[in-house]
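Everything below concerns the one structure shown next.
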Amino acid sequence: DTGVSQDPRHKITKRGQNVTFRCDPISEHNRLYWYRQTLGQGPEFLTYFQNEAQLEKSRLLSDRFSAERPKGSFSTLEIQRTEQGDSAMYLCASSLDLSGRTDTQYFGPGTRLTVL
Amino acid sequence: ILNVEQSPQSLHVQEGDSTNFTCSFPSSNFYALHWYRWETAKSPEALFVMTLNGDEKKKGRISATLNTKEGYSYLYIKGSQPEDSATYLCAFSNYQLIWGAGTKLIIKP
């Protein structure tokens, strides 16, 4: 399978704990995006990378959230001191930067986080 | 604040019937409009990327039209089948994708 993969698929944690999610994009894709989706809403943009550079961060991304893409391949999203409001589906997508705004983003299956 | 609206929120359709739903988006500074299908427990799947006013795209029984001047796109499904049951999301492209909340389509056998 050469699609976008995410690990884990599900994570249950207690409030105050730290969690880390991983995303492996399609291998030749240089752009990688993180989104968050809560019930009944569309995905909300969190951040994106062009190769290893983090080019944009949403104001939704508080200082408890950090994302990295150290070698321009896989990415991690860490949430520190989790809160119940962090419970959501975290989606990763990748794209090949050909034409910018019209590039198709290919999504992984998401990581569903539940904070108790 | 850029807003993307989809209607209806959910839709029950009899198998074999055709259906359509709407995505409304800002008509200024338009770059592209994306349609995705998201089945439960699967990854969102890209259907169309639309860029030109009047554009019409087709993939099997699914087609979409685009009106950038008035800021809307329609998605049509002809002869609905149970496998069409999914949430259909549209997203307005402005560097990042700004998403609607989706239309949940349920096909009744």
Side-chain angles (χ1 to χ4, degrees), chain A residues 1-10 23-26 29 31-50 53-61 67 88-112, chain B residues 1-11 21-26 28-53 55 57 59 64 66 68 73 75 86-104:
Chain A
D1 185 16
T2 56
V4 178
S5 61
Q6 291 187 245
D7 184 68
R9 294 290 302 273
H10 303 273
C23 171
D24 286 87
I26 294 171
H29 284 185
R31 285 200 172 186
L32 186 147
Y33 308 79
W34 284 100
Y35 294 89
R36 179 174 69 188
Q37 193 239 2
T38 53
L39 201 61
Q41 303 295 319
E44 295 171 300
F45 170 79
L46 293 178
T47 187
Y48 90 93
F49 293 83
Q50 174 95 6
Q54 189 173 15
L55 295 189
E56 191 170 345
K57 289 166 61 172
S58 164
R59 63 183 181 278
L60 294 174
L61 215 65
M89 174 75 85
Y90 289 84
L91 290 162
C92 174
S94 70
S95 70
L96 189 59
D97 181 23
L98 294 174
S99 54
R101 294 170 175 128
T102 61
D103 296 329
T104 294
Q105 294 183 19
Y106 296 86
F107 281 82
T111 294
R112 182 165 294 283
Chain B
I1 296 176
L2 297 172
N3 219 26
V4 177
E5 303 282 345
Q6 289 189 250
S7 63
Q9 194 172 28
S10 66
L11 192 54
F21 25 92
T22 308
C23 172
S24 302
F25 53 86
S28 58
N29 297 320
F30 176 84
Y31 293 102
L33 193 283
H34 300 251
W35 279 102
Y36 282 79
R37 174 171 61 198
W38 195 358
E39 295 179 64
T40 303
K42 293 188 178 179
S43 307
E45 174 198 352
L47 291 174
F48 306 114
V49 181
M50 309 181 80
T51 56
L52 299 175
N53 184 44
D55 220 358
K57 297 222 170 173
K59 186 176 183 178
L66 180 68
T68 60
S73 175
L75 190 82
T87 297
Y88 291 82
L89 293 154
C90 68
F92 172 81
S93 183
N94 185 21
Y95 280 115
Q96 50 183 272
L97 291 183
I98 300 165
W99 296 81
T103 293
K104 185 172 183 177

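A note on names: the letters A, B, ... follow the listed sequences, proteins ahead of strands, and every chain is numbered from 1. Remember, it's a predicted structure, so these values are computed and weren't measured experimentally.
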Minimum side-chain heavy-atom gap A:Tyr35-B:Leu97 below 4.5 Å: yes

Distance flag, aromatic centroids of B:Trp99 and A:Phe107, threshold under 6.0 Å: yes

So for A:Leu91, is it side chain, backbone, both, or neither that comes closer than 4.5 Å to the heavy atoms of chain B? side chain

Bottom line for A:Gln37: the part with an atom under 4.5 Å from chain B's heavy atoms is side chain

Heavy-atom pairs under 4.5 Å with chain A, option from B:Ala101, B:Gly102, B:Gly100 with the top count: B:Ala101

Of all heavy-atom pairs linking B:Tyr36 and A:Gln105, the shortest is OH-O, 2.7 Å

When every non-hydrogen atom of A:Gly108 is compared with those of B:Pro44, the smallest separation belongs to O-CD, 3.7 Å

Quick check for you: among A:Ala93, A:Pro43, A:Gly42, which has the greatest number of heavy-atom pairs under 4.5 Å with chain B? A:Pro43

Would you mind telling me which of A:Arg112, A:Gln41, A:Glu44 has the largest number of heavy-atom pairs within less than 4.5 Å of chain B? A:Gln41

Neighbour count above 12 (heavy atom, 6.0 Å) for B:Glu39 CD: yes

A quick test of your reading: do over 12 heavy atoms of other residues, nucleotides or ligands sit less than 6.0 Å from NZ of A:Lys57? no

Let me see the working for A:Thr104 and B:Phe48 under side chain to side chain contact (heavy atoms under 4.5 Å, CB included), right down to the final yes or no. CA-CA 8 Å; A:Thr104 294; B:Phe48 306 114; over 6 Å; no

